[in-house]
Amino acid sequence: MSDNDKNSLPHERRQDEALTELSKAIKSRERQAKTAPLLVVFATVAVLALIVGGIWFAATYQGSNDEDATAQSSSTSPTTTEPEVKTAAMPSGPLEPYGDSVTCEYVAGEKAAKEVSRPEGENVPATGTQSVTLSTSDGDVNITLDNSQSPCTTHSFAHLVKEKFYNDTVCHRAVKSPNMAILQCGDPSATGTGGPGYSFNDEFPTNGVKPDALNSPVTYKRGTLAMANSGENTNGSQFFLVTQDTTLPPKYNVFGTISEEGLATLDKIMDTKVKEGADGAPEPEVRIESATLNS
């Protein structure tokens with residue numbers, strides 16, 4: 001597919017394709033790692049940088065609503081050994097502190113997958129936490145939104161919860177491999193192309209690393225709550241829940257954590273509804289019956 005064709009794809013579809021490419025790259029890297037006695041070649045890092053930078057991890061899409069998360073790297077030569085790609089720790093916080101509040105810009109875009117208003121962007125709290133319960137067909141998943149990490153993200157997410165945007169929606173994607181395990185939700189159309197009709201900017205950890213480190217993989221730890229996107233500053237409604245340490249570039253807004261009880265629910269889903277090596281919808285489906293902001 002040409003670059004022009006890709007640019008014409010719906011926002012969310014580009015996200016799904018990005019995540020798919022990222023996942024394929026990781027699987028290729030894993031297969032070659034098994035046959036390579038020494039894994040110390042700069043070529044792999046270069047390939048990763050190109051793929052990750054160009055694909056933006058199946059949740060990186062600009063202009064549309066594709067929001068998926070997966071990372072991969074590939075090599076065309078069967079005789080080339082690939083190095084173990086070292087990942088950095090997640091940065092501790094933004095390079096420049098937010099202060100007590102921030103101003104967020106929620107930019108109108110394509111038609112929303114489900115009717116919802118845009119949140120107000122003035123005086124958005126950048127401190128404190130909020131508690132949300134995702135009641136799913138497989139049990140409750142309690143999450144904590146951290147305003148100090150990505151305040152515009154938590155503000156948008158809480159707004160969508162209040163307006164019942166996530167109620168009765170299917171989690172359309174799960175990825176399960178040695179380097180990544182996520183459940184992706186937040187698209188009422190369950191196609192990977194739906195969003196809230198607006199987008200907002202990247203936050204943490206993008207703002208926690210220097211520009212030359214944006215393509216260097218970091219570890220999204222088990223229990224992390226993060227946004228899917230299809231490119232720079234294309235965050236919308238789709239998000240992913242990390243069930244095992246996952247390698248990705250620092251381009252997906254981290255905005256909270258998953259409780260131990262919630263992880264137990266997610267582990268059950270990943271064990272019973274997602275096959276090893278999978279990258280697609282869980283079977284049978286996983287549905288968010290309701291999302292509730294706890295007082």
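When the shell of 6.0 Å around CD of Glu285 is examined, it contains more than 12 heavy atoms from other residues, nucleotides or ligands. The 12-atom threshold is exceeded at CD of Glu289, counting heavy atoms of other residues, nucleotides or ligands nearer than 6.0 Å. In Glu96, the CD atom is not crowded: 12 or fewer heavy atoms of neighbouring residues, nucleotides or ligands sit closer than 6.0 Å. Environment of CG in Asp100: sparse, with no more than 12 heavy atoms of neighbouring residues, nucleotides or ligands closer than 6.0 Å.
Between the side chains of Thr127 and Ser148, no donor N or O sits under 3.5 Å from an acceptor N or O. Ser150 and Asn253 form no side-chain donor-acceptor contact under 3.5 Å, judged by distance and modelled atom types alone.
For the pair Asp138 and Arg287, the salt-bridge criterion is not met [side-chain N within less than 4.0 Å of a carboxylate O]. One finds a salt bridge joining Asp245 and Lys221 here, because a Lys/Arg side-chain nitrogen approaches an Asp/Glu carboxylate oxygen to under 4.0 Å. Ion pairing of Lys114 with Asp168 is absent here, as no side-chain N (NZ or NE/NH1/NH2) approaches a carboxylate O to less than 4.0 Å.
Here the two rings, on Phe239 and Tyr166, have centers that are under 6.0 Å apart.
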Pair Thr133, Asn142 - check side-chain hydrogen bond (donor to acceptor under 3.5 Å, both in side chains), show working. CA-CA 4 Å; Thr133 298; Asn142 293 310; 2.7 Å; yes
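Between Phe204 and the choices Pro91, Pro250, Pro151, the side-chain contact (heavy atoms from CB on, under 4.5 Å) rule is met once, by Pro91. Across Leu183, Val286, Thr136, Leu134, a single residue satisfies side-chain contact (heavy atoms from CB on, under 4.5 Å) together with Leu266, and that is Leu183.
Under a 3.5 Å cut-off, the side chain of Tyr106 and the backbone N or O of Cys152 do form a donor-acceptor pair.
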